[in-house]
Engineer: 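Shown below is the structure under consideration.
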Amino acid sequence: MAREVYPFETIEQRWQAFWKERRFFEMDESSMKEKYYCLVMFPYPSGDLHVGHGRNYIIGDAVARYQLMRGKNVLSPMGWDAFGLPAENAAIKSKTHPRDWTLKNIKRMKAQLESWGCGYDWRREVTACEPDYYRWTQWVFLKLYQKGLAYKKMGAVNWCPSCQTVLANEQVVAGSCERCDTKVGLKDLEQWFFKITDYAERLLKDLDLLADWPERVRVMQRNWIGKSIGVEIDFPVAGFDRKLTCFTTRVDTIFGATYMVLAPEHPFVDEIIVRSDKADRLKKFVTEVKAQSRIDRESQEVEKKGIDTGVRVINPMNNREIPLWLADYVLMDYGTGAVMAVPAHDQRDFEFARKYGLPVEVVIQNEARDLDPRKMKEAYVDDGYMANSGRFSDISNREGMESIADFMEANHVGRRAEHVKLRDWLISRQRYWGAPIPIIYCETCGIVPVPEESLPVLLPHAVDFKPTGTSPLKEMSEFTETTCPRCGKGARRETDTMDTFVDSSWYYLRYLSAGDGTRAFDIGLVNRWLPVDQYIGGVEHAILHLLYSRFITKVLYDLGLVNFKEPFQRLFTQGMIIKDGAKMSKSKGNVVAPDILIKKYGTDTVRLYTLFVGPPEKDAEWNDRGVEGAFRFLNRVWRLLELEGEIVRRVSADDLKGIRHRTHFTIKKITDDIERGFQFNTAISSIMELVNELYARANQGPAAVLCKEAPAVIREAIQTVALLLSPFAPHIAEEVWSRIGNGESVLETPWPRYQQVFLELEKITIGVQINSKLRARIEIDASLTDEALKEAVLADEKVKQHLGDKIIKDFFIVPKKLVNIVIQ
RNA sequence: GGGCAAGUGGCGGAACUGGCAUACGCGAUGGCCUUAGGAGCCAUUUCCUUCCGAGGAUUGGGGGUUCAAAUCCCUCCUUGCCCACCA
């Protein structure tokens, strides 16, 4: 049996064609209107999109449509983060070329985006794996190279000894290679890095400029950069003519240092081994630690282990000799790779000292001054008073920190220093499917950058994939063999490609100049359109992508190529869509495909439900029954067209006041909800309330007298429903508007404005509390004075009943809301 | 272990600056319409008690501030996310 539902299919097709034909989403460079750059994070083209992905694009589209109606010149572009590992995996598995696989997915996903009714300026589409894009990614690399911000050094990578291949962290499953199950180790390789640490301070400080970013994202970035303030201390090594420097944030505990620990990778370790009588045991220890994969090394499960080197270092504060150990818990790439261990006041040192029987000495006392190393079960890490610290004893440890630092600087045994956790950005990938690093190695000239005019370094198309995942570029002489741009002699090309995060760290600039074969971006255009007014994407990119983009922007700023310091003015991170308690994924089999739902209920329903399901910044559970609810609502909206006359015949003068109030209240509410952080869920619920009120009027008895104003007021209400609904359910909104509105398209109609006079009511209902308990509700004139209000409340029968003859102690009035009568 | 969120009906969630808790939707129940209802419309729906007037309880638990607390403070519990040997 056919259900009587609104003809969503024809409506949606018609309006999508109309928008395209009228080019509503093509940004007009010559327009004098205020610009609005609405950017949704460009997707990795992995194949089918599900409703969880859809949330991202639907939010972005709703924002773009709202801003168009606010009269802005909106730029809403879309592109593809098209390089990356999955394409290579697919190539190996199904014998397709990564490019074919990627372009096929792009085609499919583009069709899905269009079926959602999302409007983009497709003239500006960018595809990161195409030469006209990655040519400029290579150009960005050269800019960093010229500034000394791209450099080569040894770096450790996950290595599968059986496949002879570098593995990404995600290819290491429980310490073993995902393909052949061999135990994965670390291997040092020459790698390209970007010197992001040079920008750590600015990346940290400029977070203050990003007041419109979610606080939690700023906190995550701050923690990731991880600045700590402390002191670098030089410890002379007994019997060696050298010092070991360690960094500490707790210089106040220096008198309690009972041993020092080096990372096994520390360069001094080799010197020790050469002169040690237990060289074999030390070598064995170092080898064991180095054999651990990164995952194992950083796992908390594995117990810390260490070994005494026999060497002793001298504490510069008290000239005491303490033993030097090696331990796997000290990392070479943080601080100096050497740690002074204070077991009494650091939990990790405490556990290590207890395990190996090293002394524990209290140098910070608690309030009760009763800390005793023999009785301690854990380290005392709080503030306290200096103890056993020579002339620094008895002052507070905070004071001690400063005094000791001053002393060290004066006596040249240490200095104040800052360290950051942030590491330089390793951009080399031993992969095929990425932008080739534009570098040439020449026997005579050394490392030579490819000249800008020779870009792009093209990725060869005809390649042969090994099942092990080894990059095929290495063995392609037609790629590797070249001539040196400097001396003309034979030379060899770099075969590493760039991390895909490089591609995505500048794409928002390319949209302004997509297709321009002469430059990466037009400086004038970029400076006019950036920073992005609203960036929208998943919180999983809160750290890396956003940090790298900020970094690249700052580098371009320093090069005078852009005039803004931050690329993204406002950031919105939407929550995930959950199904059956878990994130949607193919492997879990809980994916909700949008195509079926769109076919059954139409795009507007899917869009409306997606926005209604919950606050967009939070995770939300998908419920197919809820989709039906959204569909019911849109059908109710549709039927307003035929109910209009009925409502007009049934409304009284009072009803009209109520409807007009509700109409204008809804305009205000929705505008506030959108402006105040995209609260689409409550915005939609208030449209539902307006529609519900119109239905209530349609179902009551006919009015005694026909109101002259009725047709205009009811028409205004229905038109308002269409306009307010249009960012969320644009197709039905257009259809309703075109049938009863005054123009062709809602997109050419200004966003409605509310009138203050209609927001104010003559009669209001207030709650009456007696001793904070609600006892009555009374209707009063809104204009009543406090005195008159009090009188009216006390005259109410129900109130009188509850008051009895009790004495009124206090009478609180909350204007237009409630009163609270306090009695004995 | 650290950091950040969050805990409200059977469910998703609302409540803006401390001011009528549970808007809106889902589900459920009843009615109307109907040959039929998996359409539509209407009504009820936090829980307990009820003589049907109403009364009492309620925002993870406990305590506090206040005329007034989901909201502020203290404390405990639970869940989720991110980071994690960071010296």
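Residue numbering restarts at 1 for every chain, and letters A, B, ... go by the order of the sequence lines. Worth knowing before you read on, the calculation uses all heavy atoms, side chains too, and leaves out hydrogens, waters and symmetry mates.
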Engineer: Examine B/A57: is either OP1 or OP2 under 4.0 Å from a nitrogen or oxygen in the side chain of A/K773? Give yes or no.
Structural biologist: yes
Engineer: B/C74 and B/C4: how far apart are their P atoms, nearest whole angstrom?
Structural biologist: 14 Å
Engineer: Could you measure between the two C1' atoms, the one in B/G62 and the one in B/C48, and give it in whole Å?
Structural biologist: 23 Å
Engineer: With a 4.0 Å cut-off on heavy atoms, is A/W622 in touch with a base, just the backbone sugar-phosphate, or nothing at all?
Structural biologist: nothing
Engineer: Checking contacts here: which listed nucleotide (B/C41, B/C26, B/A14) is nearest the side-chain heavy atoms of A/R636?
Structural biologist: B/C41
Engineer: I'd like the P distance from B/G64 over to B/U49, given in whole Å.
Structural biologist: 30 Å
Engineer: Rounding to the closest angstrom, what is the interatomic distance between B/G60 and B/U79 at atom C1'?
Structural biologist: 10 Å
Engineer: Rounded to whole angstrom units, what separation is found between the CZ atom of A/F680 and the P atom of B/A23?
Structural biologist: 24 Å
Engineer: Which nucleotide in the set B/C41, B/A84, B/A14 lies at the smallest distance from any side-chain heavy atom of A/T682?
Structural biologist: B/A14
Engineer: Students often get this wrong, so: under 4.0 angstrom with heavy atoms, is A/F811 touching a base, only sugar-phosphate, or nothing?
Structural biologist: nothing
Engineer: Of the nucleotides B/A87, B/G25, B/A68, which has the atom closest to the A/N692 side chain?
Structural biologist: B/G25
Engineer: At under 4.0 Å, does any side-chain N or O of A/R218 touch on OP1 or OP2 of B/C4?
Structural biologist: no
Engineer: From B/C82, B/G12, B/A23, pick the nucleotide closest to the side chain of A/M220?
Structural biologist: B/C82
Engineer: Check whether any side-chain N or O of A/R632 sits under 4.0 Å from OP1 or OP2 of B/G27, and answer yes or no.
Structural biologist: yes
Engineer: Of A/W622, A/F633, A/F728, A/F631, which meets ring pair (Phe, Tyr, Trp, His ring centres under 6.0 Å) against A/Y609?
Structural biologist: A/W622
Engineer: Is the shortest side-chain N/O distance from A/N699 to OP1 or OP2 of B/C41 below 4.0 Å?
Structural biologist: no
Engineer: Using a cut-off of 4.0 Å on non-hydrogen atoms, how would the nucleic acid contact of A/D619 be classed: base, sugar-phosphate, or nothing?
Structural biologist: sugar-phosphate
Engineer: Nearest to the side chain of A/E689, which nucleotide is it out of B/A23, B/G25, B/G13?
Structural biologist: B/A23
Engineer: Scan A/G614 against the nucleic acid and name what it touches under 4.0 Å (heavy atoms): base, sugar-phosphate only, or nothing.
Structural biologist: nothing
Engineer: Heavy atoms from C-beta onward define the side chain here; which of B/A87, B/G12, B/G13 lies closest to that of A/F612?
Structural biologist: B/G12
Engineer: Rounding to an integer number of Å, can you tell me how far A/D672 CG sits from B/U17 C1'?
Structural biologist: 14 Å
Engineer: Do the charged groups of A/R649 and A/E646 touch, with an N to O distance under 4.0 Å?
Structural biologist: yes
Engineer: Considering every strand and a 4.0 Å limit on heavy-atom distances, what is the contact class for A/N635: base, sugar-phosphate, or nothing?
Structural biologist: nothing
Engineer: With sugar-phosphate meaning primed atoms plus P, OP1 and OP2, does A/N223 contact a base, only sugar-phosphate, or nothing at under 4.0 Å between heavy atoms?
Structural biologist: sugar-phosphate
Engineer: Consider the side chain of A/P615, meaning its heavy atoms from C-beta on, and name the nucleotide among B/C4, B/A14, B/A68 that approaches it most closely.
Structural biologist: B/A14
Engineer: Please determine, for the side chain of A/R625, which listed nucleotide (B/C85, B/C16, B/C26) has the closest atom?
Structural biologist: B/C26
Engineer: A/T765 near the nucleic acid: base, sugar-phosphate alone, or nothing, with a heavy-atom cut-off under 4.0 Å?
Structural biologist: base
Engineer: What nucleotide among B/C26, B/A15, B/A68 has an atom nearest to a side-chain atom of A/N623?
Structural biologist: B/C26
Engineer: Closer than 4.0 Å, any side-chain N/O of A/N681 to the OP1 or OP2 of B/A23?
Structural biologist: no
Engineer: Taking only the C1' atom of each, what is the distance from B/A14 to B/U8 in whole angstrom?
Structural biologist: 10 Å
Engineer: As a test of reading the structure: which of B/G27, B/C20, B/G56 is closest to the side chain of A/R775, going by heavy atoms?
Structural biologist: B/G56
Engineer: With a cut-off of less than 4.0 Å, is there a side-chain N or O of A/R639 near OP1 or OP2 of B/C41?
Structural biologist: yes
Engineer: Looking only at atom P, what distance separates B/C20 and B/C72, rounded to whole Å?
Structural biologist: 16 Å
